[in-house]
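Okay, so here's the structure we're looking at.
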Amino acid sequence: MPKMKSNRGAAKRFIHTGSGKYKCSHSQRRHILTKKSTKRKRQLRSTTTVAAVDVPAVRRMLPYS
């Protein structure tokens with residue numbers, strides 16, 4: 001049986017942590033930044049964990065992570 005393929009778009013966006021969770025970065029930080037507050041932009045810099053309901057979908061896209 002051939003190897004399964006990873007979703008390459010997901011592989012670039014999600015990082016598997018040692019505890020079994022997935023890290024990802026925030027959205028909304030590419031353009032139109034003048035109307036967003038400094039606090040909001042600063043908080044968008046950090047990474048976050050994927051919500052528990054979305055983990056099965058990410059796991060399906062990344063079978064070898």
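Starting from 1, each residue takes its place in the sequence as its number. Quick note: numbers below take in every heavy atom, side chains included, and nothing from hydrogens, waters or symmetry partners.
Here the closest heavy-atom approach between residue Ala52 and residue Pro56 is recorded as O-CD, 3.5 Å.
In the hydrophobic clustering of this structure, Leu62 groups with Val55; members are Ile, Leu, Val, Met, Phe, Trp, Tyr whose side-chain heavy atoms approach within less than 4.5 Å, directly or through other members.
Identified under the side chain to side chain donor-acceptor pair (under 3.5 Å) test for residues 54-65, with sequence neighbours left out: Tyr22-Ser65. Pairs of residues two or more places apart, or lying in two chains, that qualify as side chain to side chain donor-acceptor pair (under 3.5 Å) and include a residue from residues 2-21 are Thr17-Ser19.
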Kindly list each side-chain donor-acceptor pair under 3.5 angstrom involving residues 41-51, sequence neighbours excluded, with atom names and distances?
unit_1: Lys41; atom_1: NZ; unit_2: Leu33; atom_2: O; d: 3.3
unit_1: Ser46; atom_1: OG; unit_2: Gln43; atom_2: O; d: 3.0

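More than 12 heavy atoms of other shown residues, nucleotides or ligands fall within 6.0 angstrom of atom NZ in Lys36.
For Ser37, the side-chain contact (heavy atoms from CB on, under 4.5 Å) test picks out Lys39, Arg40, with sequence neighbours left out.
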